[in-house]
Undergrad: 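First, the structure itself, so that you have it in front of you.
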Protein chains: 2
Amino acid sequence: MGISKSDHFNERQIEVATFAKALSHPARVAILEYLQKVDSCICGDIVNELPLAQPTISQHLKELKLAGIIKGSIEGNTICYCINKDNWAKFQVLVGNICCPPKSDSKTCC
Amino acid sequence: MGISKSDHFNERQIEVATFAKALSHPARVAILEYLQKVDSCICGDIVNELPLAQPTISQHLKELKLAGIIKGSIEGNTICYCINKDNWAKFQVLVGNICCPPKSDSKTCC
DNA sequence: TTGTAATATCGAAATATTGCGATAAATAAA
DNA sequence: TTTATTTATCGCAATATTTCGATATTACAA
């Protein structure tokens, strides 16, 4: 809820959470899969692919973009959206670092 | 063809979104990092580590457990929570499969 | 038995997210 | 110019999340 809990968590934790939040809706996962599949990037295509209205897709794209997972560039009167591969790789590294990094001594507790 | 408008989101998309949602709060990321760091699993420890009340931690643990990211087993009057490494690995694979799997012909559009 | 410690659950308030119709803005095409 | 196309934004209702005090539950200890 509430107050600026940003103060209580470190940057890495907030970054992971921000990426994850962008991924936390099936529509946004579907958008990413679609961008990866077609390897090109027109919003209109996505609107035709997903069972959601155009403003809703636009909103999801905005959130993905804000989180740095995709990027868009204007191409005439369409916008070329595509996956930000650098940030995607970064997210994968962050996730991999949480668990299970190469462990020096793994005592298994569970 | 990809996702058609009449389909709802598929299981893989929902699974990714569910995992990601569990990761989408800094407190839950912090909990996971802590579980990984100490490699043992007592809720009380976590309450002392994070700037959140005990019911709040308990709620976050519940969500992580529900998503399959951690598992807990009763040990006397404490509960041993730890990362579900199998599911964590599964999540990493799912994320890796979205982007960027080895592509035979990668025309870069962005 | 009674008391203490560890977790979970309930309830409620504050806040955030989701979805979409209506509409705006920008460019393209005619 | 006018009209169509593409995408973004506004506004609002419905729903979900987050937080924590109060309380319940469970197990151990004395």
Side-chain angles (χ1 to χ4, degrees), chain A residues 1-9 13-14 17-31 34-35 38 40-67 69-82 109-110, chain B residues 5 8-9 13-14 17-31 34-35 38 40-67 69-82 109-110:
Chain A
M1 198 200 83
I3 321 119
S4 51
K5 310 206 315 57
S6 321
D7 300 337
H8 297 126
F9 299 103
Q13 289 159 348
I14 292 168
T18 301
F19 273 124
K21 183 184 259 179
L23 259 187
S24 74
H25 193 291
R28 293 195 287 269
V29 175
I31 287 171
Y34 184 68
L35 285 181
V38 302
S40 78
C41 323
I42 298 166
C43 175
D45 281 4
I46 298 167
V47 171
N48 294 331
E49 285 293 313
L50 299 187
L52 293 169
Q54 179 269 327
T56 307
I57 302 285
S58 186
Q59 169 68 14
H60 283 309
L61 287 167
K62 185 181 177 185
E63 276 165 46
L64 286 167
K65 191 178 175 186
L66 210 67
I69 292 187
I70 64 175
K71 47 189 176 177
S73 55
I74 297 170
E75 300 278 335
N77 69 340
T78 70
I79 294 194
C80 166
Y81 274 120
C82 61
C109 88
C110 304
Chain B
K5 189 159 185 157
H8 47 297
F9 300 109
Q13 290 160 346
I14 292 169
T18 302
F19 273 125
K21 183 183 260 179
L23 260 186
S24 73
H25 193 291
R28 293 195 287 268
V29 175
I31 286 172
Y34 184 69
L35 286 181
V38 301
S40 78
C41 323
I42 298 167
C43 175
D45 282 3
I46 298 168
V47 172
N48 295 330
E49 283 292 309
L50 299 187
L52 293 169
Q54 179 268 325
T56 306
I57 302 286
S58 187
Q59 170 68 12
H60 284 310
L61 287 167
K62 185 182 177 183
E63 276 166 46
L64 285 167
K65 191 177 174 187
L66 211 65
I69 292 187
I70 65 175
K71 47 189 174 177
S73 55
I74 298 169
E75 299 278 335
N77 67 342
T78 70
I79 294 193
C80 166
Y81 275 120
C82 60
C109 87
C110 305

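By convention in this document, chain letters (A, B, ...) are assigned in the order of the sequence lines, proteins followed by strands, and residues within each chain are numbered from 1.
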Undergrad: Measure CG/B/Leu61 against P/D/dC20 and give the value in whole Å, please.
TA: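 B/Leu61 atom CG is separated from D/dC20 atom P by 14 Å.
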Undergrad: In whole Å, what is the span from the CG atom of A/Leu52 to the P atom of C/dT18?
TA: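 Computing the A/Leu52:CG to C/dT18:P distance gives 11 Å.
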Undergrad: Do side-chain atoms of A/Arg28 reach the backbone of A/Lys21 as a donor and acceptor pair under 3.5 angstrom?
TA: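 Confirmed, A/Arg28 side chain pairs with A/Lys21 backbone.
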Undergrad: Between atom CD1 in A/Ile79 and atom P in C/dT27, what is the gap in whole Å?
TA: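 Interatomic distance, CD1 of A/Ile79 to P of C/dT27: 10 Å.
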Undergrad: Find the distance A/Ile57:CD1 to D/dT7:P and express it as a whole number of Å.
TA: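 Rounded to the whole Å, the gap is 11 Å.
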Undergrad: Mind checking if B/Lys65 touches a base, just sugar-phosphate, or nothing, with heavy atoms under 4.0 Å?
TA: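 Counting heavy atoms under 4.0 Å across all strands, no contact is made by B/Lys65.
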Undergrad: Rounded to whole Å, how long is the line connecting atom CD1 of A/Ile74 with atom C1' of C/dA26?
TA: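 Spelled out: CD1 on A/Ile74 to C1' on C/dA26 is 9 Å.
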Undergrad: Could you tell me the separation between the CD1 atom of A/Ile70 and the CD atom of A/Glu63, rounded to the nearest 0.5 Å?
TA: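 The CD atom of A/Glu63 is 10.5 Å from CD1 of A/Ile70, to the nearest 0.5 Å.
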Undergrad: Just to confirm, is there a sub-4.0 Å distance from OP1 or OP2 of C/dA8 to any side-chain nitrogen or oxygen of B/Tyr81?
TA: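 Yes, B/Tyr81 has a side-chain N/O under 4.0 Å of OP1/OP2 on C/dA8.
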Undergrad: Tell me which of A/Ala27 and A/Asn77 sits closer to the 5' end of DNA chain C, going by the nucleotide each one is nearest to.
TA: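 Whichever sits nearer the 5' end wins; that is A/Ala27.
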Undergrad: Look at the side chain of B/Thr18 and the backbone N and O of B/Ile14, then say whether any donor-acceptor pair between them is shorter than 3.5 Å.
TA: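 Side chain of B/Thr18 to backbone of B/Ile14: a pair is present.
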Undergrad: Using side-chain heavy atoms (C-beta onward) and a distance below 4.5 Å, is B/Asp45 in contact with B/Val38?
TA: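 Result no, sub-4.5 Å side-chain heavy-atom pair not found.
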Undergrad: Checking contacts here: which listed nucleotide (C/dT7, D/dG21, C/dG21) is nearest the side-chain heavy atoms of B/Thr78?
TA: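 Looking only at side-chain atoms, B/Thr78 lies closest to C/dT7.
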Undergrad: Can you measure A/Gln59 atom CD to D/dA8 atom C1' for me and round it to whole angstrom units?
TA: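 Rounding to the nearest Å, CD of A/Gln59 and C1' of D/dA8 are 10 Å apart.
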Undergrad: Would you say A/Leu35 and A/Ile46 make side-chain contact, with heavy atoms under 4.5 Å?
TA: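 With C-beta onward as the side chain, the pair touches.
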Undergrad: Using whole Å, report how far CD of A/Glu75 lies from P of D/dT6.
TA: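 Answer to the nearest Å: 15 Å.
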Undergrad: Measure from CG on B/Leu64 to C1' on D/dT17 and round the result to the nearest Å.
TA: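 Taking CG of B/Leu64 and C1' of D/dT17, I get 14 Å after rounding.
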Undergrad: For the NE2 atom of A/His8 and the CG atom of B/Leu52, what is their distance to the nearest 0.5 Å?
TA: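 Separation between the atoms: 8.5 Å.
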Undergrad: Please determine, for the side chain of A/Ala53, which listed nucleotide (D/dT7, C/dC20, D/dC20) has the closest atom?
TA: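 Of D/dT7, C/dC20, D/dC20, C/dC20 is nearest to the side chain of A/Ala53.
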Undergrad: Under the 3.5 Å rule, do the base of D/dA8 and the side chain of A/Gln54 count as making a donor-acceptor pair?
TA: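 Pair found.
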Undergrad: Could you grab the distance from atom NZ of A/Lys62 to atom CG of A/Leu66, nearest 0.5 Å is fine?
TA: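 Going from NZ on A/Lys62 over to CG on A/Leu66, the span is 7.5 Å.
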Undergrad: Work out how much the helix from C/dT1-D/dA30 to C/dA30-D/dT1 bends between its end axes, five pairs an end, to the nearest 10 degrees.
TA: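 Answer rounded to 10°: the end axes differ by 20°.
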Undergrad: What's the closest nucleotide to the A/Pro55 side chain, out of C/dG19, C/dG21, C/dT7?
TA: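 Looking only at side-chain atoms, A/Pro55 lies closest to C/dG21.
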Undergrad: Give me the ring orientation class for B/Phe9 and A/His25: parallel if the planes are under 30° apart, tilted from 30 to 60°, perpendicular past 60°.
TA: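 Because their plane-to-plane angle is over 60°, the rings of B/Phe9 and A/His25 count as perpendicular.
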Undergrad: If you assign A/Lys21 and A/Lys62 each to the DNA chain D nucleotide with the nearest heavy atom, which residue ends up on the more 5' nucleotide?
TA: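 Closest to the 5' end, via its nearest nucleotide, is A/Lys62.
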Undergrad: Between A/Gly76 and A/Glu63, which is nearer to the 5' end of DNA chain C once each is assigned its nearest nucleotide?
TA: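 Counting from the 5' end, the first nearest nucleotide belongs to A/Glu63.
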Undergrad: Is the distance from OP1 or OP2 of C/dT17 to the nearest side-chain N or O of A/His60 less than 4.0 Å?
TA: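 It does not, given that no N or O in the side chain of A/His60 lies less than 4.0 Å from OP1 or OP2 of C/dT17.
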Undergrad: Does B/Thr56 put a side-chain nitrogen or oxygen below 4.0 Å from OP1 or OP2 of D/dC20?
TA: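 Answer yes for this pair, as a side-chain N or O of B/Thr56 is under 4.0 Å from OP1 or OP2.
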